[in-house]
Amino acid sequence: MVEQSNSDSFSIPPEIPLSKKQIEALVQAWLKDGELSDMPVDKPPILEDKRNPKYCVFHKKIGHSTPGCYAVRKKYHYKVSKGEVIQKQLTYTNPFPNHGKGGQVVTCVAMENEIKEVALKFQAI
């Protein structure tokens, strides 16, 4: 009889809503604080390794990127669930109304305690 593996026991952790640079800085801080343990390495990474897009700061080797690292993702989402990391939803909106083709936008610019209005003409795409 062949045993079937339970695919439900393993799930891919969701992505981390931060930039690669932010995730790497977070991993470095966790390593420094002992939140993550240093991984043993066969050989120390060289600068060329660290520049590879598939270099993982946590595992200190080429194989997958730091944002793609399941261990880092799991740690991040665990800390979010415990309230130790707070995610903020960023919403980007255009603060200027769409005036259509050939419209104008008035922008207030504060300069040395005086406010000047600047009218900007733009071409709608």
Side-chain angles (χ1 to χ4, degrees):
M1 183 169 229
V2 177
E3 265 186 58
Q4 293 182 350
S5 65
N6 185 356
S7 60
D8 293 336
S9 64
F10 176 77
S11 62
I12 297 172
E15 292 183 7
I16 299 173
L18 300 172
S19 71
K20 180 179 179 182
K21 195 176 230 181
Q22 291 171 319
I23 295 169
E24 289 175 349
L26 191 59
V27 170
Q28 292 291 359
W30 285 341
L31 288 167
K32 183 179 177 185
D33 294 342
E35 292 285 330
L36 287 174
S37 301
D38 271 328
M39 297 297 292
V41 292
D42 298 331
K43 65 178 183 110
I46 59 173
L47 186 57
E48 187 177 319
D49 293 339
K50 293 178 182 182
R51 289 182 178 158
N52 189 309
K54 292 205 171 212
Y55 176 77
C56 178
V57 171
F58 174 56
H59 289 105
K60 295 180 179 62
K61 63 181 181 179
I62 298 170
H64 56 259
S65 66
T66 306
C69 180
Y70 292 174
V72 170
R73 288 182 182 186
K74 283 181 182 180
K75 183 68 167 182
Y76 175 84
H77 290 291
Y78 172 79
K79 290 183 134 322
V80 167
S81 71
K82 295 294 182 188
E84 296 174 24
V85 171
I86 298 172
Q87 289 185 157
K88 288 186 179 180
Q89 184 69 30
L90 297 177
T91 305
Y92 297 100
T93 58
N94 182 355
F96 303 110
N98 183 3
H99 293 287
K101 189 173 184 172
Q104 289 188 347
V105 174
V106 176
T107 305
C108 291
V109 180
M111 298 176 69
E112 298 179 19
N113 297 330
E114 61 183 69
I115 297 176
K116 297 179 181 179
E117 285 189 4
V118 180
L120 303 173
K121 290 189 177 200
F122 69 94
Q123 194 81 20
I125 297 175

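Positions are given from 1 along the sequence.
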* With sequence neighbours left out, write down each residue that passes side chain to side chain contact (heavy atoms under 4.5 Å, CB included) with Pro14, or none if nothing qualifies. =>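 Partners of Pro14 under the side chain to side chain contact (heavy atoms under 4.5 Å, CB included) test: His77.
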
* **For Tyr78, side chain to side chain contact (heavy atoms under 4.5 Å, CB included) partners two or more places apart** => Ser81, Lys82

* To do: Classify the angle between the aromatic ring planes of Tyr76 and Trp30 as parallel (below 30°), tilted (30 to 60°) or perpendicular (above 60°).
  => tilted

What side-chain donor-acceptor pairs closer than 3.5 Å can you find for residues 15-29, not counting sequence neighbours?
from, atom 1, to, atom 2, distance (Å)
Ser19, OG, Gln22, N, 3.1
Ser19, OG, Gln22, OE1, 3.3
Gln22, OE1, Ser19, N, 2.8

* Asked: Quick one: CZ on Phe58 to CZ on Arg73, what's the gap to the nearest 0.5 Å?
  ->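 Separation between the atoms: 14.5 Å.
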
* Can you list the other members of the hydrophobic cluster that holds Val41, where links are side-chain heavy atoms under 4.5 angstrom apart? ->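 Once heavy-atom contacts under 4.5 Å are chained together, Val41 still belongs with nothing else.
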
* Check which hydrophobic residues are tied to Leu47 through side-chain heavy-atom contacts below 4.5 Å, counting indirect links as well, and list them. => none

* Glu84, CD atom: more than 12 neighbouring heavy atoms under 6.0 Å -> yes

* Least distance between heavy atoms, Pro53 atom then Ser65 atom ->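 So the minimum-distance heavy-atom pair works out to O-CB, 3.3 Å.
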
* Judged by atom type as modelled, is there a donor-acceptor pair below 3.5 Å linking the side chain of Asp49 to the main-chain atoms of Ile46? -> yes

* Asked: According to the salt bridge (Lys or Arg N to Asp or Glu O under 4.0 Å) rule, which pairs have a member within residues 50-69, sequence neighbours left out?
  ->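 For residues 50-69: Asp38-Lys60.
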
